[in-house]
Amino acid sequence: QVQLVESGGGSVQAGGSLRLSCAASPYTVSRICMAWFRQAPGKEREGIAAIRPGDGSTYYADSVKDRFTISQDNAKNTLSLQMNSLKPEDTAMYYCAARPSHRCRGLGSADFDFWGQGTQVTVFS
């Protein structure tokens, strides 16, 4: 049974930081394609960060590049997203996504098979 559970969301002032976590089971996060998405009300779900198994290479959308960092904690089998220099436009529901394969595709919603329930991030000015 696949379970992805996000945590760490909240409300923060612009310029602040938050760290999101995704607990995954039964998959090992370092062995499958994983990513973070976000979706604001009335907007399309946006892939913002991804990490590949094996070499751990990462990809970031331009909107978060140089501010967000995706990483794995293998001891805890969790996926993290460190978010710095937050802006009001970062306000959205954030989702953890997984593709149970070592062959990763793109960073669209259709490229991932499993999703967490989401955690809300609100950035106020």
Side-chain angles (χ1 to χ4, degrees):
Q1 188 172 10
V2 177
Q3 290 186 353
L4 299 174
V5 181
E6 303 96 334
S7 62
S11 182
V12 64
Q13 189 173 12
S17 299
L18 283 174
R19 185 177 180 87
L20 307 183
S21 294
C22 173
S25 64
Y27 301 107
T28 300
V29 297
S30 64
R31 296 180 179 178
I32 63 172
C33 308
M34 298 200 72
W36 287 96
F37 286 73
R38 66 185 182 186
Q39 187 169 26
K43 295 186 178 180
E44 185 178 345
R45 187 168 295 189
E46 175 191 21
I48 56 172
I51 186 165
R52 290 180 176 271
D55 64 4
S57 60
T58 58
Y59 170 83
Y60 299 95
D62 288 341
S63 57
V64 306
K65 194 173 298 181
D66 300 322
R67 298 188 299 121
F68 291 11
T69 302
I70 187 171
S71 62
Q72 302 161 335
D73 185 333
N74 293 332
K76 297 180 179 180
N77 196 40
T78 57
L79 181 75
S80 296
L81 184 69
Q82 178 66 44
M83 305 185 294
N84 298 327
S85 302
L86 284 162
K87 305 174 181 179
E89 48 263 50
D90 295 320
T91 295
M93 186 73 74
Y94 283 70
Y95 298 91
C96 174
R99 172 178 165 79
S101 175
H102 64 280
R103 296 184 178 181
C104 304
R105 295 179 176 174
L107 196 50
S109 295
D111 297 313
F112 293 86
D113 304 301
F114 301 103
W115 301 82
Q117 85 289 349
T119 185
Q120 179 67 40
V121 171
T122 301
V123 184
F124 60 90
S125 60

Q: Quick one: closest heavy-atom pair of Gln72 and Ser30, and the distance?
A: NE2-CA, 3.5 Å
Q. Met34, Phe68: one ILVMFWY side-chain cluster at the under-4.5 Å cut-off?
A. yes
Q) Is there side-chain contact between Phe124 and Leu86, with at least one heavy-atom pair below 4.5 Å? A) no
**Q.** Those residues that, when tested against Val2, pass side chain to side chain contact (heavy atoms under 4.5 Å, CB included) (two or more places apart)
**A.** Pro26, Tyr27, Phe114
Q) By side chain to side chain contact (heavy atoms under 4.5 Å, CB included), which residues pair with Gln120, not counting sequence neighbours? A) Thr91, Met93, Thr122
Q) Where is the tightest heavy-atom contact between Asp113 and Pro100, given as atom of each residue plus distance? A) OD2-CD, 3.2 Å
Q) Who are the side chain to side chain donor-acceptor pair (under 3.5 Å) partners of Arg67, not counting sequence neighbours? A) Asp90
Q.
Are there over 12 heavy-atom neighbours, none belonging to Glu89, within less than 6.0 Å of that residue's CD?
A. yes
Q) Residues two or more places apart in sequence or in another chain: which of them pass ring-ring contact (aromatic ring centres under 6.0 Å, His included) with Tyr95? A) none
Q. Does any pair with a residue in residues 49-82 pass disulfide bond (SG atoms under 2.5 Å apart), and if so which ones, sequence neighbours excluded?
A. none
Q. Can you check whether Val29's main-chain N or O pairs, donor with acceptor, with Asn77's side chain at less than 3.5 Å?
A. yes
Q) Can you name the residues that form a side chain to side chain donor-acceptor pair (under 3.5 Å) with Asn84, not counting sequence neighbours? A) Ser17, Gln82
Q: Sequence neighbours left out, what passes side chain to side chain contact (heavy atoms under 4.5 Å, CB included) with Arg105? Give chain and number order.
A: Arg99, Asp111
For residues 49-63, dump all side-chain donor-acceptor pairs below 3.5 Å to protein atoms at least two apart in sequence or in another chain.
| unit_1 | atom_1 | unit_2 | atom_2 | d |
| --- | --- | --- | --- | --- |
| Asp55 | OD1 | Ser57 | N | 3.0 |
| Asp55 | OD1 | Ser57 | OG | 3.1 |
| Tyr60 | OH | Ile70 | N | 2.9 |
| Asp62 | OD1 | Lys65 | NZ | 3.0 |
| Ser63 | OG | Arg38 | NH2 | 3.4 |
| Ser63 | OG | Glu46 | OE2 | 3.0 |

Q. Quick one: side chain to side chain donor-acceptor pair (under 3.5 Å) partners of Arg31, sequence neighbours excluded?
A. none
Q) Can any side-chain N or O of Glu6 pair as donor or acceptor with the backbone N or O of Thr119 at less than 3.5 Å? A) no
Q.
So, using side chain to side chain contact (heavy atoms under 4.5 Å, CB included) as the criterion, who are the partners of Val121 when residues are at least two apart?
A. Leu18, Leu20, Met83, Tyr94, Val123
(Q) Please report the interatomic distance NZ(Lys76) to SG(Cys22), rounded to the nearest 0.5 Å. (A) 14.0 Å
**Q.** Qualifying disulfide bond (SG atoms under 2.5 Å apart) pairs with a residue from residues 32-70, counting only residues at least two apart or across chains
**A.** Cys33-Cys104
Q | Residues which pass side chain to side chain donor-acceptor pair (under 3.5 Å) with Ser71, listed by chain and number, not counting sequence neighbours | A | none
Q | Under 3.5 Å: donor-acceptor pair, side chain of Gln39, backbone of Ala92 | A | no
Q: Give a yes or no on whether Leu79 and Ile48 share a hydrophobic cluster (residues Ile, Leu, Val, Met, Phe, Trp, Tyr; joining criterion: side-chain heavy atoms under 4.5 Å apart).
A: yes
Q | Close aromatic pair by centroid cut-off 6.0 Å: Phe37 and Trp115 | A | yes
Q: Please report the closest heavy-atom contact between Leu4 and Cys96, naming both atoms and the distance.
A: CD1-O, 4.0 Å
